[in-house]
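Have a look at the structure below before the remarks.
Bear in mind that the values here come from a model prediction, so they are computed numbers and not experimental data. Excluded from the calculations below are hydrogen atoms, water molecules and symmetry mates; all remaining heavy atoms, backbone and side chain alike, are included.
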Amino acid sequence: MSRQQQESQGVVLTGYHSNAELLPKIGPLAPVSCPPAQVHEPAMPRCDKIMTGHYTFQQNQNTHLADESGPSATEGGTKTSTTDPPSLLNPSAASSPWSQPSFSPKPGSSPRHSPSPKSRPRPRTPCLRSNSQDSLDELEMDDYWKEVENITSSGGGSGRGDAGGEGEVPEEEQQKIPEEGEQEEAWLTEAGLARLFDDSLAADQDQEEDSAVFLSTLTRSQAAAVERRVTTLQQTLLRRRNRQHVPDVRDIFRPPEKHEQPIELKAESENGQKDITSAETETELNVEVAFSEQALTYRDNHQRAKVTASPNSPDDKLPNFKLLRDKTGQTRIGDLSPLDMKKVRRLVLVESTALFDTAGIDLKADKPVKVKTKESGLFGVPLATLLEQDHRRAPGTKVPLILQRLINHIEEEGLDTEGLLRIPGAATRVKLLCQEFETSFYDGTFPWQQLKQHDAASLLKLFIRELPLPLLTVEYLNAFFAVNKLPTKKQQLQALNLLILLLPETNRDTLKALVEFFHRVIDHQDKNKMTLNNVSVVMAPNIFMFKGFRSKVTEQQEFSMATSTAHIVRLLIRYQNLLWTIPKFIMTQVRQQNMESHRKQYKERAVRKLLKKMTTDKPSEKAVPEESSQGFIRVQAPQFSKVSMAVQLTGELQAADVLTRFLSQDSSVAVEQEELCLYEIGGNIKERCLDGETYMKDLFELNPTAEWVIRAVHR
């Protein structure tokens with residue numbers, strides 16, 4: 001028996017994943033505005049390609065099956081990773097989200113060592129595409145690798161040196177290992193707490209008071225997250241600047257005096273937290289208690305019971321999560337004023353860090369990379385630049401017009417087309433269309449009637465891939481990967497909710513438009529055969545493979561990235577209605593900060609007036625209107641002819657009922673109810689557009705000094 005036959009005995013090859021790497025071409029890159037296209041041809045061995053691959057195998061006594069002929073190793077196409085995985089959490093592989101075992105190559109089967117042609121894999125038995133919405137199977141993951149091959153063959157995301165458009169090559173900044181304490185310093189600065197570690201900053205009384213108010217509203221786990229980073233940074237600074245005074249962490253987080261009662265959220269008890277497990281079921285999302293506090297309870301309960309949470313497998317089901325009912329109304333992103341959203345972001349930064357801390361995940365954010373980009377155009381242009389161009393043509397645009405128009409065209413052609421998003425358009429045609437878009441889109445001369453649906457879908461994916469920086473941002477991409485390391489699906493969903501709130505507004509709005517479109521595609525799965533899992537695995541490489549931040553990754557990292565990114569996209573699509581909301585406990589903390597600020601401002605005014613011996617009357621806090629004390633509220637409508645009306649508060653009165661009553665009393669209003677919003681203004685909130693199911697009596701009890709105003713809104 002030959003040596004090769006001995007090695008293959010007892011093994012059946014069940015699959016092959018190609019990992020072809022293109023050799024660098026000689027000569028300068030030709031300047032192009034869109035990625036170069038290549039005609040799809042059956043892959044054949046060529047001298048300019050290094051063909052490598054990964055075989056999967058299983059033990060079997062029937063050795064002759066391993067020698068049956070099958071597809072050529074070159075038929076898998078090419079696959080070259082384009083992402084440069086950030087040093088996600090720690091430099092060690094053990095802490096990296098890329099090191100998850102899902103669909104990872106087995107020892108001895110590295111893609112760098114291709115077996116001989118005699119041991120080609122046996123063809124996969126044809127079977128129906130999975131209709132399950134809850135799990136990722138191996139057949140569906142094949143779509144991921146096919147999409148990577150399509151991306152590579154079309155010239156998008158193939159390695160270093162790709163043209164960035166108009167002859168420009170993205171200039172990438174070399175990732176540097178952060179110095180000791182640099183991560184903590186950046187985190188505290190982003191949270192607006194720089195004064196905690198640097199007393200050399202110019203004295204700013206307002207900033208100090210703002211920090212004090214902010215810290216006074218933190219929960220136990222949030223305060224612990226801040227304290228942990230202040231302590232770490234203090235130790236670093238003490239070594240770095242021995243003679244310079246640094247605030248002592250014990251002065252910042254001193255225990256309350258006996259006569260003091262710490263400020264806590266209403267959802268928490270004197271001991272720190274109410275019994276969460278008795279208040280919710282497995283599929284109910286409690287948004288009244290901080291997510292990190294819930295995670296602490298989960299961790300403590302499992303440690304006492306000596307239960308070890310098993311890692312998430314690709315076949316884990318997606319629960320039908322729902323929010324616990326909040327009678328004061330759900331707050332969606334965009335409902336708050338910019339001032340309150342600034343407070344939300346600071347709180348969410350601390351809360352998300354505290355949540356990852358409970359799982360022992362030390363989240364490290366990367367600095368934005370400097371990338372030389374185009375200053376105009378459509379593809380390969382930063383989102384901010386695109387929106388600046390679009391605002392000159394359509395003021396108020398939140399999502400790039402090119403993306404909106406591509407989505408509308410695909411939907412106009414019909415979402416029943418089989419393989420929509422999965423089947424690529426012709427590469428050469430897509431390249432020509434890309435160039436034509438650049439010259440004729442804004443002129444309105446692009447021939448949309450000639451644009452085929454699969455070509456439009458390919459252009460949509462190309463637009464996402466060609467963004468100079470990832471849609472999920474370099475700063476928070478680590479955190480999106482780390483979501484997979486949290487122990488439960490509920491915590492993963494909570495973390496995603498917080499991360500979406502941290503994204504810049506342009507990125508967040510664009511991501512929302514995409515996942516809403518993906519959901520509409522899935523609604524037609526009976527015809528187009530694109531389930532939640534199919535769409536997720538196809539779109540994952542397009543969202544996570546981006547320009548401007550590239551280097552090669554190992555095969556282990558690449559295989560782990562496949563299932564990890566597909567799972568993240570799956571959660572984003574499935575739970576989009578929950579993810580783009582602001583949790584109630586965050587809103588409670590914002591209200592507490594506003595009330596604390598009002599009290600401090602009132603005391604300061606009183607002291608100043610007393611010292612200056614002013615004779616003016618002392619202003620009192622805004623009193624509750626007499627109508628409100630009698631069970632009525634006064635609703636203002638300054639934009640309309642009926643400028644106000646009195647509304648009686650009842651237990652069942654909702655915000656939508658107030659709008660209905662207003663429209664019935666003012667026949668001159670020419671707008672639909674969906675275009676109106678009842679706002680809560682003042683008191684313990686700056687401004688908030690109310691959810692239609694908000695119970696007005698409950699909200700009035702929470703904010704009795706607020707004003708109620710009806711305005712037209714453009715959603």
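- Remark: the backbone N or O of K512 is not paired with any side-chain donor or acceptor of Q576 at under 3.5 angstrom.
- Side chains of F518 and L572 form no contact here, defined as non-hydrogen atoms less than 4.5 Å apart.
- Without hydrogens or angle criteria, E438 side chain to L378 main chain gives a donor-acceptor distance under 3.5 Å.
- Side-chain atoms of K146 never come within 3.5 Å of backbone atoms of I423 as a donor-acceptor pair (strictly under, hydrogens ignored).
- Rounding to the nearest 0.5 Å places CD1 of I402 at 9.0 Å from CG of L460.
- In terms of modelled atom types and a separation under 3.5 Å, the side chain of R346 and the main chain of K342 share no donor-acceptor contact.
- Looking at every heavy atom in both residues, T328 comes nearest to T694 through O-CG2, 3.3 Å.
- With rounding to the nearest 0.5 Å, the separation of OG in S352 from CG in L502 is 5.0 Å.
- Here the closest heavy-atom approach between residue A456 and residue L406 is recorded as O-CD2, 4.1 Å.
- Closest of all the heavy-atom pairs between P319 and R574 is O-NH2, 3.9 Å.
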Would you tabulate the side-chain donor-acceptor contacts of residues 577-584 under 3.5 Å, counting partners in other chains and residues two or more places apart, or write 'none'?
| from | atom 1 | to | atom 2 | distance (Å) |
| --- | --- | --- | --- | --- |
| T581 | OG1 | L578 | O | 2.7 |
| K584 | NZ | D326 | OD1 | 3.1 |

Could you please spell out the steps behind the side-chain contact (heavy atoms from CB on, under 4.5 Å) verdict for N507 and L511?
CA-CA 6 Å; N507 298 64; L511 179 63; over 6 Å; no
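- Taking CD of E687 as the reference point, atom CG of D335 lies at 10.5 Å (rounded to 0.5 Å).
- Of the possible polar contacts, one joining the T473 side chain to the Y476 backbone as a donor-acceptor pair under 3.5 Å is found.
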Going through the checks in order, is the side-chain contact (heavy atoms from CB on, under 4.5 Å) test met by I568 and I543?
CA-CA 11 Å; I568 293 169; I543 292 176; over 6 Å; no
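- At a threshold of 4.5 Å between non-hydrogen side-chain atoms, the residues V430 and D455 count as touching.
- When all heavy atoms are compared, the tightest approach of L659 to C677 is CD2-C, 4.2 Å.
- Counting only residues at least two apart or on different chains, the ring pair (Phe, Tyr, Trp, His ring centres under 6.0 Å) pairs with a member in residues 446-474 are H409-W448, F437-F446, F437-W448, F446-W448.
- Counting only residues at least two apart or on different chains, no ring pair (Phe, Tyr, Trp, His ring centres under 6.0 Å) pair has a member in residues 385-407.
- Every residue was checked against the side-chain hydrogen bond (donor to acceptor under 3.5 Å, both in side chains) condition with R392, not counting sequence neighbours, and none meets it.
- The backbone N or O of I464 lies less than 3.5 Å from no partner atom in the side chain of N542, so there is not a single donor-acceptor pair.
- One side chain, Y442 or D390, offers a donor N or O that lies under 3.5 Å from an acceptor on the other.
- Checking side-chain atoms of R508 against main-chain N and O of L501 turns up a donor-acceptor pair under 3.5 Å.
- Counting only heavy atoms from C-beta outward, the side chains of E680 and W708 approach each other to under 4.5 Å.
- Just one of N534, T531, V535, L420 meets the side-chain contact (heavy atoms from CB on, under 4.5 Å) condition when paired with Q525; it is T531.
- In plain terms, the two heavy atoms of A655 and L690 that are nearest each other are CB-CB, 4.2 Å.
- Atoms CD1 and CG, on I410 and L421 in that order, are 6.5 Å from each other to the nearest 0.5 Å.
- Heavy-atom neighbours of D443 CG from other residues, nucleotides or ligands within 6.0 Å: above the threshold of 12.
- Contact check on K529 versus E418 returns no salt bridge, with no Lys/Arg side-chain nitrogen under 4.0 Å from an Asp/Glu carboxylate oxygen.
- Interatomic distance, N478 CG to L499 CG, rounded to the nearest 0.5 Å: 10.5 Å.
- With a 4.5 Å cut-off on side-chain heavy atoms, F291 and I586 do not count as touching.
- Residues L347 and V590 meet the side-chain proximity criterion, which asks for heavy atoms closer than 4.5 Å.
- Judged as a side-chain hydrogen bond (donor to acceptor under 3.5 Å, both in side chains), and not counting sequence neighbours, R661 has no contacts.
- When atom types are taken as modelled, the side chain of E351 and the backbone of L498 share no donor-acceptor pair closer than 3.5 angstrom.
- Heavy atoms only, all atoms of each residue included: I522 and L532 are closest at CD1-CA, 3.5 Å.
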Worked verdict on Q330 versus E693 for side-chain contact (heavy atoms from CB on, under 4.5 Å)
CA-CA 8 Å; Q330 186 181 81; E693 297 182 357; over 6 Å; no
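- Comment: K452 does not engage E413 in a salt bridge, judged by the lack of any side-chain N to carboxylate O separation of less than 4.0 angstrom.
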Full working for side-chain contact (heavy atoms from CB on, under 4.5 Å) between L486 and Q494:
CA-CA 10 Å; L486 292 171; Q494 292 168 340; over 6 Å; no
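- Looking only at distances, no side-chain donor or acceptor of D416 sits under 3.5 Å from a matching main-chain atom of K527.
- When ring centroids are compared, F640 and F662 come within the 6.0 Å threshold.
- Atom CD1 of residue I685 and atom CG of residue L336 lie 5.5 Å apart, to the nearest 0.5 angstrom.
- For the pair Y575/Q492, no side-chain contact is recorded, criterion being any heavy-atom separation below 4.5 Å from C-beta on.
- Between T565 and F480, every side-chain heavy-atom pair lies at or beyond the 4.5 Å cut-off.
- Checked against side-chain hydrogen bond (donor to acceptor under 3.5 Å, both in side chains), E505 has no partners two or more places apart in sequence or in another chain.
- More than 12 heavy atoms of other residues, nucleotides or ligands sit less than 6.0 Å from atom CD of Q673.
- Between the side chains of E375 and T385, no donor-acceptor pair of N or O atoms lies under 3.5 Å.
- Residues V537 and E147 form no side-chain contact, since every pair of their non-hydrogen atoms from C-beta on lies 4.5 Å or further apart.
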